[in-house]
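Since we're looking at a predicted model, the values are computed, not measured. Ligands are counted one by one from 1 in listed order, and the atoms in each one are counted from 1 as well.
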Amino acid sequence: MRWLSILGMSILCVGASNAQLNESSSLQEVEFSQLSQRDPNPLGEKALAIHPEQWKHAETEHFIYHFVHSYVATPISVEAEFHYRVIAKELERAQPAGDIKSHIYIFEHPDEWREFQAFGKLEPWTGGIHSAGSLFVQRNPSYRFSDNSLGHEIVHLVLHRFYTDSIPCWLDEGFAQFISKDAHASYERARGYVSKPHSDSIAPQDLFPLTVLTTVTHPPSDRVRIFYDESERLVRFLAATDKQSFLSLLDSLSRHQPLETVLPRLYSGRFANVSALEEKFRDYASKDFGTSLQQASND
Ligand SMILES: [Zn+2]
C-alpha cells in the first residue's frame, strides 16, 4: 500500500496547486480552420458530419474539443487536463510541448449519439467510445457528470499517447479504473467536497483465474463488472508491491511481451511465476469483501 498513499498525496498536490480547477472560466472557442492540429481518425470526420453546423471547437494544452455548448465542454476540459497531469506524473512521463493532442467529441442529443454509435464500439463500462486515440462521449447538459467514468476514458486517451501500440485489456481497463477512482476523489476534494477513493473487492468464488483475466482481448460481456473490478485490483496490487517494477511491466507488456516471461524478471524474489502471483493476489482481491454498505446491499 506504500505507493497508494504516495499516489493519493501526489494527486492531492496536483489538485490543490492546479489553478485550472476554475470551471467558471469558459473555454475559448476557435474556428475549425484555426485549430493547431487535425484528427486523422475517420470517426472524427463522421462525428462532425452529423449536423455539421452545430459543432464548435476549442483546445487546451493537451486536448482538442469538439462540442455544441461551451458550458458542457468547459468542465470536461478541466477534468481532462487534471487527469493528464495526474497520469503523466504517475507514469513519470511527459510529452514535449507541441506534441500530438487527443481529440474529444462531445455529443448532446441522444438521437445524434445513437446515430453515431453505429460507427464505433461502446465501452461497456462508461458508454463512451475510445478509438485510435480519440474519445467520443455523450453529455446531457442537464445532467452533471458525477462519477469516474469520464476520468476513466481520459486515462485511456492519455495511456494511448504514451503506449501507442496498445496494451493488454486488463491492464488498460485496470489502470483506467485505478487512476480515475483515486483522481476522482481528489478532484472532488479540490472542489471542496468530501470524497474518498473506493476500490471494490471481489467474492473469492467470482474471481477470474489470472490466466483468463490477463489474456482476454475484451471484457467478457456476461461478467463485465467483475472483470473491471478484478483488473483494477490487480493493477493496484502490482503497483503497490513495487512501483518501478510496475512501470517496467507496463513498458514490456505494451511491447507485447508475455506476462509469464516478464513477471519473474521484473518482480524477481516476489513472484516466480503467474501462479505465485495469483496465490498472493487472491487474498488481496477479496480483502474486505462483504463489509461495505454497497456490497451488503448487493448480496
Ligand atoms: Zn475502459
Side-chain angles (χ1 to χ4, degrees), residues 7 11 41 43-44 47 62-63 76 79-88 90-91 93 102-107 113 116-117 119-139 145-185 187 197-202 206-208 210 212-239 246 249-250 253-254 256 259 285:
L7 180 71
I11 289 176
N41 189 334
L43 280 190
H62 300 99
F63 300 90
I76 290 176
E79 206 168 334
E81 287 293 345
F82 178 86
H83 278 80
Y84 180 88
R85 285 179 176 78
V86 170
I87 299 158
E90 293 314 319
L91 294 179
R93 306 275 291 257
S102 313
H103 290 252
I104 300 179
Y105 298 80
I106 307 156
F107 287 80
W113 178 239
F116 178 74
Q117 278 174 34
F119 304 120
K121 192 166 176 298
L122 281 186
E123 150 131 35
W125 194 251
T126 64
I129 292 173
H130 173 225
S131 162
S134 305
L135 173 64
F136 305 84
V137 291
Q138 192 217 341
R139 284 290 163 270
F145 207 50
S146 62
D147 63 15
N148 69 314
S149 53
L150 177 64
H152 175 108
E153 288 297 344
I154 292 167
V155 179
H156 284 321
L157 275 191
V158 180
L159 264 187
H160 187 272
R161 295 159 70 132
F162 292 130
Y163 305 99
T164 321
D165 249 2
S166 86
I167 56 177
C169 186
W170 70 271
L171 186 54
D172 200 12
E173 299 303 346
F175 190 77
Q177 281 297 81
F178 170 50
I179 292 286
S180 64
K181 282 186 175 202
D182 289 7
H184 181 70
Y187 186 76
H198 175 73
S199 164
D200 287 305
S201 54
I202 305 109
D206 289 341
L207 287 168
F208 287 98
L210 289 192
V212 175
L213 187 85
T214 60
T215 52
V216 296
T217 52
H218 54 268
S221 56
D222 55 336
R223 298 175 68 202
V224 165
R225 187 182 177 101
I226 290 170
F227 179 83
Y228 280 82
D229 285 345
E230 188 175 339
S231 297
E232 188 241 1
R233 279 268 159 143
L234 183 56
V235 166
R236 207 172 269 277
F237 182 64
L238 289 167
F246 174 72
L249 186 78
L250 192 52
L253 296 184
S254 75
H256 307 171
L259 178 65

Determine, step by step, whether His156 and His152 satisfy the ring-ring contact (aromatic ring centres under 6.0 Å, His included) criterion, reporting the C-alpha distance in whole Å, the side-chain angles of both residues, the deciding distance to 0.1 Å, and the verdict.
CA-CA 7 Å; His156 284 321; His152 175 108; 4.7 Å; yes

Distance, nearest 0.5 Å, that separates CG of Leu171 from CG of Leu253
6.0 Å

Take Arg161 and Ser102 through the test side-chain hydrogen bond (donor to acceptor under 3.5 Å, both in side chains) and record every step on the way to the result.
CA-CA 8 Å; Arg161 295 159 70 132; Ser102 313; 2.7 Å; yes

Phe136 and Phe107: ring-ring contact (aromatic ring centres under 6.0 Å, His included), yes or no, with the steps?
CA-CA 8 Å; Phe136 305 84; Phe107 287 80; 7.2 Å; no

N, O or S from Glu123 under 2.8 Å to the Zn ion (ligand 1):
yes

Does His152 put an N, O or S atom under 2.8 Å from the Zn ion (ligand 1)?
yes

Return the name of the atom in Glu173, of element N, O or S, nearest to the Zn ion (ligand 1).
OE1

